[in-house]
Amino acid sequence: MRRLRPEEVWVQTLVAQELSVGVEQHDNGSQPGMFDLLIRYRSGRCGALEVTAAAASDSIELWKLMNSKSARWQVDGIRGGWMISVFASASEKKLLADLPGLLRELEIRGIRDFGPWFMDGGPLKDIADRLGIAGAWQSPDTSYPGSVYRTIEEPLERRAGFVAADSNPLAEWVGHFLAEPKQADVVRKLEHSGEPERHAFVVVPGFTTAPFAVRDILWRDDVPP
């Protein structure tokens, strides 16, 4: 029998608690095209529920690689206290191999704030571009010699933008999201579910393809439905 994915377990628990209904696994792997969860209401009515996610897979994958052992990376030969922001397209293998040399050079030159405003050409910019580094900043004090912390530099449209007074951008975005070719299987499973009530539960994780206006709505508690 197919085991539920972590996000499916979370949705199953959340929907059951919020609606006071029974929610059980429907897709057990016995045949293709089955929807994920079945909602059972007390009246006997049922609903189909398919779980999907608007996830920025490249950012999530790199984040997992960078944090597989520890959020703090120790590099020999540097003072440390560095916060490094990298693009999602960066290679973890290249960062592990070449980032220490770049940080040593920055410390030798006394450079503590390194970003687009500084990158006006030269070998340091070339190395940063090749490694996919968006910027680097060193704290004046650190309790961990050689410490390096890394994070993902997301596109500007996911970090800032229009803030809505209502939830219309969310409703509009969901429609476009579910119409994307990647979500065709979600729509198809619900269409063929045979249930009169059909829901797509869209998980919006920290690293997401959703625009900033949508993220802002989901962060806030005062947005009208």
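Because the structure is a prediction, the values reported are computed rather than measured. The figures here come from the full heavy-atom set of this structure, side chains too, leaving out hydrogens, waters and symmetry mates.
- Atom CD of residue E180 and atom OG1 of residue T209 lie 6.5 Å apart, to the nearest 0.5 angstrom.
- Hydrophobic clustering places F177 together with V214 (ILVMFWY residues linked when any side-chain heavy atoms are closer than 4.5 Å, directly or through intermediates).
- A pairwise comparison of heavy atoms in S139 and D141 identifies OG-O, 2.8 Å as the closest pair.
- The two atoms that bring L49 and F201 nearest to each other are CD1-CB, 3.9 Å, heavy atoms only.
- Taking each heavy atom of E195 and C46 in turn, the nearest pair found is OE1-CB, 3.4 Å.
- Salt bridge annotation for E50-R188: absent, with no cationic side-chain nitrogen under 4.0 angstrom from a carboxylate oxygen.
- L95 and I152 end up in the same hydrophobic cluster when Ile, Leu, Val, Met, Phe, Trp and Tyr side chains are linked at under 4.5 Å.
- In this structure, W219 and F212 have perpendicular ring planes: the angle between them is above 60°, well past the 30° mark.
- No continuous path of ILVMFWY side-chain contacts below 4.5 Å connects V204 to L14, so the two sit in separate hydrophobic clusters.
- With contacts defined as side-chain heavy-atom distances shorter than 4.5 Å, the pair T151/M83 qualifies.
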| request: Run the numbers on R220 and D216 for salt bridge (charged side-chain N to carboxylate O under 4.0 Å, His left out), then give the verdict. | output: CA-CA 6 Å; R220 291 158 55 195; D216 176 72; 2.6 Å; yes
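- With no hydrogens or angles considered, a side-chain donor-acceptor pair links H199 and E197 at under 3.5 Å.
- V9 and L19 fall within a single hydrophobic cluster, where Ile, Leu, Val, Met, Phe, Trp and Tyr are joined by side-chain heavy atoms under 4.5 Å apart, directly or via other members.
- Other residues, nucleotides and ligands place more than 12 heavy atoms under 6.0 Å from the CG atom of D222.
- Contact record, Y41 with G47: CE1-N, 4.4 Å, taken as the closest heavy-atom pair.
- In this structure, V51 and R5 approach most closely via the heavy-atom pair O-NH2, 3.5 Å.
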| message | Does E105 form a side-chain contact (heavy atoms from CB on, under 4.5 Å) with L124? I'd like the steps, not just the answer. | response | CA-CA 9 Å; E105 186 62 28; L124 294 182; 3.7 Å; yes
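- Across every non-hydrogen atom of V186 and A200, the tightest pair is CG1-CB, 4.2 Å.
- Atoms CG and CG, from L4 and L37 in turn, are 6.0 Å apart once rounded to the nearest 0.5 Å.
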| request: Step by step, work out the side-chain contact (heavy atoms from CB on, under 4.5 Å) result for Q138 and L106. | output: CA-CA 10 Å; Q138 186 182 34; L106 291 176; over 6 Å; no
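- Using modelled atom types and a 3.5 Å distance limit, the side chains of T52 and Q183 yield a donor-acceptor pair.
- With respect to the salt-bridge test (charged N to carboxylate O, under 4.0 angstrom), the residues E8 and R2 qualify.
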| task | For salt bridge (charged side-chain N to carboxylate O under 4.0 Å, His left out), just list the numbers for R79 and E107, CA-CA rounded to whole Å, side-chain angles, deciding distance to a tenth of an Å, and then say yes or no. | result | CA-CA 8 Å; R79 192 182 70 81; E107 289 192 357; 5.1 Å; no
